[in-house]
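Atoms within each ligand, like the ligands themselves, are counted from 1 in listed order. Keep in mind it's a predicted model, so treat the numbers as computed, not measured. Position 1 is the first residue of the sequence, and the numbers go up from there.
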Amino acid sequence: MTTFRELGLAEALLKALIVEGYEVPTPVQELAIPPLLEGKDVLGVAQTGTGKTAAFALPVLQAMLGKKPQAKRKVRALVLSPTRELAAQIGDRFAAYSKELDLRHLVIFGGVNQNPQVRALRRGLDILVATPGRLLDLVGQGYIDLTEVEFFVLDEADRMLDMGFIHDIRKVLRILPKARQNLLFSATMPSSISDLAGSFLRNAVRVEVTPETVTVERIEQRVMFVKKPDKRRLLGDLIKAHDVRCGIVFTRTKHGANRLVKQLSQVGIEAAAIHGNKSQNARNRAMNGFRSGELPILVATDIASRGIDVDGVTHVFNFDLPNEPESYVHRIGRTARAGKSGLAIAFCDESEGAYLRAIERLTGVVLTVDDEHEYHHPPAVPPPAKPRQARRAASPKQGTRTDQNSSSRRRRRRRRGPHRGNAH
Ligand code: AMP
């Protein structure tokens with residue numbers, strides 16, 4: 001097994017990793033750190049939870065170690081992140097790894113007063129972690145000088161594009177110096193990302209740790225067919241029946257998330273919503289409560305979900321199925337972290353059959369129907385030809401899924417024949 005020392009990391013960083021309790025590099029770290037230390041560009045296909053932050057943060061810090069900061073520090077590494085939560089987490093990681101180093105970092109994002117950020121920028125810094133909008137805003141106001149940037153990291157590139165940041169990214173790329181090292185990380189690699197990567201990475205080493213769009217093996221995935229108005233009662237009953245102490249519920253809209261928090265509270269379940277309209281303070285409060293175990297349920301929208309990096313999440317409920325199947329993969333990836341297993345339950349109502357099919361096509365996994373509950377009703381729509389191919393292709397893998405072979409649980413694989421064409 002490779003050690004961090006064998007990867008060529010400096011003593012000061014090795015010490016920080018001991019403090020963090022990291023014993024061995026994760027696969028993405030093992031693959032990405034050596035080429036990054038050699039100064040190469042890297043294209044990383046990896047999800048949050050794989051250790052990708054350290055995979056880029058450690059080499060960036062190491063490269064900066066050797067060089068004395070100028071009298072007035074200037075940004076030498078720029079990390080772009082799609083969400084505030086993720087930006088804050090990346091900032092935390094830089095703080096942890098650079099405790100003993102004479103390097104300063106700063107995290108900036110929108111939705112909060114810019115003045116404290118401007119004051120920190122004036123003091124000078126080496127590493128800037130930013131969301132694109134606020135970055136360009138402050139660059140436009142003349143508070144940020146990017147002319148000395150040597151490292152550019154684009155994190156969660158697929159989410160960036162989903163969120164419509166492509167023009168902002170291109171603007172940033174135009175103002176960066178030409179000679180620099182580039183890192184791009186993305187959980188999935190659709191052609192839009194390959195195109196973007198091709199536009200600024202140079203002879204990049206491709207590092208891939210989870211095959212794109214394949215859901216994580218340790219997650220048991222179930223679907224419950226439920227009528228829309230019954231969803232919230234079902235959710236409350238399941239949270240109680242499973243005694244969920246650390247679970248995330250995904251809704252499609254911010255409004256839906258807020259409403260669900262109220263409805264859960266009416267049945268005695270404490271929950272908080274986390275989404276783009278919440279103030280940073282409210283988000284921090286919710287995240288801290290959730291992380292510490294005081295708050296059992298977090299209700300989140302997709303935009304907010306990327307930054308949720310909490311090890312003990314046992315359940316993910318897809319209260320609404322996402323209209324982008326990739327989001328499903330990211331959502332359920334909030335559980336089964338740090339080697340643990342997890343349960344993902346999708347609620348599929350009469351209008352969501354197409355979303356379910358898209359998810360199964362993308363992941364190549366047929367979700368196990370959970371019909372233990374009284375709310376169960378048969379699938380609304382017949383599966384089309386395409387998923388059948390996906391099912392066949394996926395079958396050897398499914399054979400290894402013990403949950404699906406277990407007859408003791410009164411669940412069954414979805415049968416097609418009798419339910420074909422059934423409507424509500
Ligand atoms: P990331 O994918 O960067 O969000 O990291 C996910 C989690 O794994 C974070 O909580 C990290 O602190 C942790 N982590 C990263 N690398 C290691 C490692 N080599 N050993 C143990 N934990 C790690």
From the candidates Y22, F185, Y97, the one that places a heavy atom nearest atom 18 (C) of ligand 1: Y22
Interfacing atoms of ligand 1 (cut-off 4.0 Å, heavy-atom, T26): 16 (N), 17 (C), 18 (C), 19 (N)
Numbering as shown, the atoms of ligand 1 that approach K52 to under 4.0 Å (heavy-atom distance): 1 (P), 2 (O), 3 (O)
Heavy atom of V24, distance to ligand 1 below 4.0 Å: yes
Carboxylate-amine/guanidinium contact K72 E148, below 4.0 Å: no
Side-chain (D168) to main-chain (P132) donor-acceptor, under 3.5 angstrom: no
Plane angle bin for F319 and F347 - parallel if under 30°, tilted between 30 and 60°, otherwise perpendicular: tilted
G51 neighbourhood, listing ligand 1 atoms whose heavy-atom distance to it stays under 4.0 Å: 1 (P), 2 (O), 3 (O), 5 (O), 15 (C)
Any N/O pair E23/ligand 1 closer than 3.5 Å: no
Atoms of ligand 1, numbered as shown, that sit under 4.0 Å from any heavy atom of F4: 19 (N)
Beyond-backbone contact of M189 with L43, side-chain heavy atoms, under 4.5 angstrom: yes
Mutual orientation of the aromatic rings belonging to F185 and F56 [parallel < 30°, tilted 30-60°, perpendicular > 60°]: tilted
Any N/O pair A54/ligand 1 closer than 3.5 Å: no
Residue pair K240, D237: steps toward the salt bridge (Lys or Arg N to Asp or Glu O under 4.0 Å) verdict: CA-CA 5 Å; K240 287 180 180 168; D237 289 356; over 6 Å; no
Q29, portion touching ligand 1 at heavy-atom distance under 4.0 Å: side chain
Ligand 1-proximal atoms of R93, by part, heavy-atom distance under 4.0 Å: side chain
T50 N/O to ligand 1 N/O under 3.5 Å: yes
Test item: T253 side-chain N/O and G256 main-chain N/O as donor-acceptor pair under 3.5 Å: yes
Ligand 1 versus F56: contacting region, heavy-atom distance under 4.0 Å: neither
Distance filter under 4.0 Å to T53 heavy atoms, resulting ligand 1 atoms: 1 (P), 3 (O), 4 (O)
Note: R73-D102 ion pair, threshold 4.0 Å (strictly below): yes
Check: L173 and F152 side chains under 4.5 Å, non-hydrogen atoms: yes
